[in-house]
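Throughout, a chain's letter reflects where its sequence line sits, starting with A, and its residues are numbered from 1.
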2 protein chains.
Amino acid sequence: MARKRFDDSNCSVARALNEVGDWWSLLIVLHAMYGTRRFVDFQQQLGIAKNILCDRLARLVDNEVLRKEEVGEHGSRFEYRLTEKGRDLFPVVVALRQWGDKWNPAPDGQPLDLRDRDTGEPVQTVTVRNAQGQPLSIRDVFVAEDLNSSTKSA
Amino acid sequence: MARKRFDDSNCSVARALNEVGDWWSLLIVLHAMYGTRRFVDFQQQLGIAKNILCDRLARLVDNEVLRKEEVGEHGSRFEYRLTEKGRDLFPVVVALRQWGDKWNPAPDGQPLDLRDRDTGEPVQTVTVRNAQGQPLSIRDVFVAEDLNSSTKSA
DNA sequence: CAATAGGGTTGCATTTTAAAACCAAATTGA
DNA sequence: TCAATTTGGTTTTAAAATGCAACCCTATTG
């Protein structure tokens, strides 16, 4: 049977994964964040099959994570650029990368060294924070249930 | 052809996606964070096929995101519980959920209301921060290239 | 002691994926 | 100028992954 879809799930993580939760989409977004814009460049950097790349780019464009722009005066060259929605995945990508660097460090070392453009200092580890800015672990939080609903929001 | 694997990619995001980047794994982790531990409960809450759930749980255990524990004295009931590595996905999951709530709000409202257990106040939006704690967008950062290597780390 | 729940495995039809071949418009370069 | 190449795709085909239903074995329950 077909892969299950989460479009209409009442869980926003499921809906998010429906847009960027496959093997390639988030990597495409990552490379877009690093400045890649052209079809061929994505293809070469990711080592992805062209038909899959076509499909994923189209889906990301449909979901407004990327925008497809004609470049050159004759309109046969395109650029895929992040929308605000796409750029908003920045914390997700950085958090995932930090997790990967921590728990599955590259065999040849060198984790991501992302730095503040102004100060040149490394960025902090992405964490969930309370209103005062203190980092919180999963044990430090609870889900405020919607008073109008008895269905669990998880 | 087979799905491409990213086990030995030199990109930690790719390696991370190799562990939790399929349609189900991160949802399983999410539900584990909400307290689900039993096979049947995962199955019912997620609506996932049993064979797929078996496979995903085994893979998450292999990758040390979950731990499988026997419960009950006769050892025929099991619980799947998050390891530290698994709990460390908390910022990733929260960031993804916040992104989903922002850009694909549930048709029936109610975004995640995650609160500090101590103060009862909602948590902040997950962001990338500089050393001083200021939120940074993707335009505010750069990647410090490894001086010993000329290969791009993206 | 039969029924049921928990935790799986197996078989099968349907989709997805990857790779390679092919294609057409635009650009390059000799 | 005209052939070669680049860009951005589509098509075809085989191998995998998915979803569902059916089955299995071990506890526990009524």
[N] [atom2] sits how many Å from [X] [atom1], rounded?
X	N	atom1	atom2	value
A:Gln44	D:dT6	CD	C1'	10 Å
A:Leu57	D:dT7	CG	P	15 Å
A:Asn51	D:dT11	CG	C1'	9 Å
A:Asp55	C:dT15	CG	C1'	12 Å
A:Phe39	C:dA24	CZ	P	17 Å
A:Arg37	D:dG8	CZ	P	13 Å
A:Ile52	D:dA16	CD1	P	15 Å
B:Ile48	D:dT18	CD1	C1'	10 Å

A:Asp101 versus B:Ser12, side-chain donor and acceptor atoms under 3.5 Å: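 There is such a pair between these side chains.
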When you measure from the side chain of [X] to the backbone of [Y], do you find a donor-acceptor pair of N or O atoms at a distance under 3.5 Å?
X	Y	result
B:Arg81	B:Lys68	no
B:Glu79	B:Val71	no
A:Glu64	A:Lys85	no

If you compare every side-chain N and O of [X] against the phosphate oxygens of [N] (OP1, OP2), does one of them come in below 4.0 Å?
X	N	result
B:Lys68	C:dG8	yes
B:Trp24	D:dG19	yes
A:Arg56	C:dT17	yes
A:Tyr80	D:dT7	no

The side chain of [X] is closest to which nucleotide in this list: [options]?
X	options	answer
A:Cys54	C:dG8, D:dG9, D:dG19	D:dG9
B:Val40	C:dA18, D:dT10, C:dG7	C:dG7
A:Arg77	C:dA26, C:dG8, C:dA18	C:dA26

CZ-CZ distance between B:Arg56 and B:Phe42, expressed to the nearest 0.5 angstrom: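 One gets 14.0 Å once the value is rounded to the nearest 0.5 Å.
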First of B:Gly47 and A:Lys50 reached from the 5' end of DNA chain D, by closest nucleotide: A:Lys50
